[in-house]
**Q** 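Dropping the structure in here first, questions after.
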Amino acid sequence: MKITKNTALTLLLAFSLSSTCVVAYADSPNETIMHIEKAKVEIIHRDFMPPSEHLKAARKASEKVTGNPDIVKKANACIIQAQIKVNQFDIKGATEELDKTLELYKSLKPE
């Protein structure tokens, strides 16, 4: 009986810890910020193919970000605008959109 209780308690504890880690990961905009920063550097160096891949990854990661819905929605719209401007080879415009996006996502991070 004691072994059964210990096993059940251990499994419950392991499950609760693992679910907490998943929630913390889903809330964080860190992965999105990382892809945006990489795309920005590659755009500045006029290497357009990799930035589009980083922007796609940023859009996908942005789906997991939670927080103020208005800020998340604006940030996602800025990523889309940056993708459009990259496709039009508008370096300055794409960089400005990514700067806005970074500012929005960084405002979601707890200080």
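In this chain, numbering begins with 1 at the start of the sequence shown. Worth knowing before you read on, the calculation uses all heavy atoms, side chains too, and leaves out hydrogens, waters and symmetry mates.
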**Q** Could you work out, with side chain to side chain donor-acceptor pair (under 3.5 Å) as the rule, every residue matching Lys38, not counting sequence neighbours?
**A** none
**Q** Please find the pair of heavy atoms, one from Thr101 and one from Cys78, that lie closest to each other, and give the distance.
**A** OG1-CB, 2.9 Å
**Q** Taking the side chain as every heavy atom from C-beta outward, state whether Lys40 and Ile44 have any pair of such atoms under 4.5 Å apart.
**A** yes
**Q** Working to the nearest 0.5 angstrom, can you tell me the gap between Tyr105 OH and Ile71 CD1?
**A** 10.5 Å
**Q** Closest heavy-atom contact between Ala58 and Ile36?
**A** CB-CG1, 3.9 Å
**Q** Mind checking side chain to side chain contact (heavy atoms under 4.5 Å, CB included) for Ala61 and listing every partner two or more places apart, or none if nothing turns up?
**A**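 Scan of Ala61 (side chain to side chain contact (heavy atoms under 4.5 Å, CB included), adjacent residues dropped) gives Glu31, Thr32.
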**Q** Residues in side chain to side chain contact (heavy atoms under 4.5 Å, CB included) with Glu96, at least two apart?
**A**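 Listed in chain order: Lys92.
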**Q** Rounded to the nearest 0.5 Å, what's the gap from CD1 on Ile43 to CD on Glu97? Could you check?
**A** 10.5 Å
**Q** Considering non-hydrogen atoms only, spot the tightest contact between Val86 and Ala94 and give its length.
**A**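 What the structure gives for the nearest pair is CG2-CB, 3.8 Å.
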**Q** Could you tell me the separation between the NE2 atom of His54 and the CG atom of Leu98, rounded to the nearest 0.5 Å?
**A**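 His54 NE2 to Leu98 CG: 11.5 Å, rounded to 0.5 Å.
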**Q** Give me the other members of the hydrophobic cluster that Ile80 sits in, counting Ile, Leu, Val, Met, Phe, Trp and Tyr linked by side-chain heavy atoms under 4.5 Å, directly or via other members.
**A**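 Taking Ile, Leu, Val, Met, Phe, Trp and Tyr as members, Ile80 shares its hydrophobic cluster with Ile84.
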**Q** According to side chain to side chain donor-acceptor pair (under 3.5 Å), who are the partners of Gln83, at least two apart in sequence or on a separate chain?
**A**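 For Gln83, the residues satisfying side chain to side chain donor-acceptor pair (under 3.5 Å) (neighbours in sequence not counted) are Arg59.
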**Q** If you count every heavy atom of other residues, nucleotides or ligands that lies below 6.0 Å from Glu103 atom CD, does the total exceed 12?
**A** no
**Q** Could you give all pairs that pass the side chain to side chain donor-acceptor pair (under 3.5 Å) test and reach residues 67-79, with sequence neighbours left out?
**A** Ser62-Asn76
